[in-house]
Amino acid sequence: MDSYQSLLRELPAVDRLLREPLLEDLVKRLPRRVILQAAQETIDSYRRTITSYTDPDKIPENIDLSPATLAMEAAALAEKNAGSNLKALINATGIIIHTNLGRAPLAGAAVKALNSISANYNNLEFSLHSGTRGSRHDHLEELLCELCGAEAAVVLNNNAAAVFLALNTVASDREVVVSRGQLVEIGGSFRIPDIMSASGAGLIEVGTTNKTYLRDYEAAVADNTAAFLKVHASNYYMVGFTAEVNAAELAELAHRHELLLIEDLGSGVLLDLEKYGLPFEPRVQDSIAAGVDLVTFSGDKMLGGPQAGIIVGRKDLIENIRSNQLARTLRVDKFTIAALEATLRLYLDEEKALLEIPVWRMLTAETDNLKRRANKLAEALSGIFGAAPVSVVKSVSKVGGGALPTAELPTYLAAVKLPEDDMPPGELAEKLRHTNPPVILRLQHDTLLFDPRTIFEDQEAILVEAVRRAYKG
Ligand SMILES: *Cc1c(COP(=O)(O)O)cnc(C)c1O
């Protein structure tokens, strides 16, 4: 019987491990320090295991401490450690704008623009017309104005920044009136009362949680009032005994009192959703037409572009926002501008926008087509699990990203329910998070569910291979 001391003496040293052909070969592809670290970690892990065998009777038979075996483990660890932390993955959840999964995937045109702009010098702040200094804001303003029917536009880091800077510019040390039904929290740490207080604007709450009338706003107007703020509830929905004031009425009241109306639209829709059988959403251009002075929205929600916060509205106000001292701390970089410009250009032709902006392609995917794809996926999965555990079920996809919280888009899912004596579903889901690329899916009632709506067609075969590797090991 071995004692653990004798096992420890058997453990190969790092130098010996590194001379294994597998690791010597790996140096051609991976940094030497990554391999060295992996070899050291592997040996350390074995040493910890061995020293835990304080009772010689409990030492397992045939522990394999050969350099070849340890080298194999070290190589796998090195490969894992050398990979990127931020990875492209397959979203099989059916949630189109998934904030944890990077929100909107970009259109091909946006990716192309990003590539070209990032690899080259560019006219970010240079006027090709005059040959002198230009402004980074000029590349997007005209397009945004045309699409939204606005006088002016400015783009910042994200919509939280847009709301913050708009309030800080027009209402710092003054008061802003908000309906109690709209004092919302939008995931993470974005809460309307908190962002207002950070901006220096005083919050005046009016109405009740479920009902706010025009007269509530009017009664709150005082000497120090700067604006009314209207907020899209985004991720929650009120039903029943409710009342809100629409943008046009509120704008009229604001202007009668020489106040501003600011609207945080959240998602920022430019197309008419009802035309495509989806629930009504106010479009940015509708808010502008209703007389809203400043409208803010995200670039990477329903717009389908990169992370950004867009403000459109009155020219003098936008100019003040641009020249706010804090504007530079929230400004966008050339990558955002490149990707956003390319995305916005697609909207100049609605058909192109629907076809080429992934968010819109997924939103408007035909149910019949999703059914066909779910069947195809199920057939391929049957090749791995056999026919019995695999089925196709009718279900719904979600828009996500705090947009259309009640919308249920009909879809069909490929479903896998393994028998109890097989691999536990949680384990398979976890293994799928570690395949290359990782696959993120829905796990419901011990059933793995794959929604073709958010799986790109060219990912289908890759997904099936990932499932095969995860299951068969
Ligand atoms: C999402 C959202 C925000 C925050 O936008 P980010 O671009 O994530 O900063 C702010 N307000 C509303 C209403 C939203 O829906």
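As the structure lists them, so they are numbered: ligands from 1, and atoms in each ligand from 1.
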- Task: Could you walk me through whether Asp333 and Thr336 pass side chain to side chain donor-acceptor pair (under 3.5 Å), step by step?
- Result: CA-CA 6 Å; Asp333 61 11; Thr336 304; 2.8 Å; yes
- Query: Is there a donor-acceptor pair closer than 3.5 Å between any side-chain N or O of Gln459 and the backbone N or O of Phe456?
  - Reply: yes
- Message: Walk me through whether Asn320 and Thr169 qualify under side chain to side chain donor-acceptor pair (under 3.5 Å).
- Response: CA-CA 7 Å; Asn320 291 343; Thr169 305; over 6 Å; no
- Message: Under 3.5 Å between any N/O of Ala160 and any N/O of ligand 1: does that happen in this structure?
- Response: yes
- Message: Any salt bridge linking Lys315 with Glu141? Criterion: basic side-chain nitrogen under 4.0 Å from a carboxylate oxygen.
- Response: no
- Item | Proximal atoms of ligand 1 relative to His232 (non-hydrogen, under 4.0 Å) | 13 (C)
- Query: Say you draw a straight line from OH of Tyr347 to CG of Leu354; how long is it, rounded to the nearest 0.5 Å?
  - Reply: 8.5 Å
- Which of the numbered atoms in ligand 1 are below 4.0 angstrom from a heavy atom of Ser234? 12 (C), 13 (C), 14 (C), 15 (O)
- Message: Quick check on contacts: which atoms of ligand 1 are under 4.0 angstrom from a heavy atom of Asp264?
- Response: 10 (C), 11 (N), 12 (C), 13 (C)
- Message: How far is atom 10 (C) of ligand 1 from the closest protein heavy atom, and which atom is that?
- Response: Asn159 ND2, 3.1 Å
- Short version for Arg103: what comes under 4.0 Å of ligand 1, heavy atoms counted, is side chain
- Message: Below the 3.5 angstrom mark, is there an N/O of Asp300, backbone or side chain, next to an N/O of ligand 1?
- Response: no
- Task: Scan Ile440, Thr435, Leu432 and name whichever one has a side chain to side chain contact (heavy atoms under 4.5 Å, CB included) with Leu89.
- Result: Ile440
- Is the NZ or CZ atom of Lys431 positioned over Tyr471's six-membered ring, under 6.0 angstrom from the centre and within 45° of the axis? no
- atom 14 (C) of ligand 1 - nearest protein heavy atom and its distance: Lys301 NZ, 3.0 Å
- Purely on distance, is any nitrogen or oxygen of Ser298 under 3.5 Å from one on ligand 1? yes
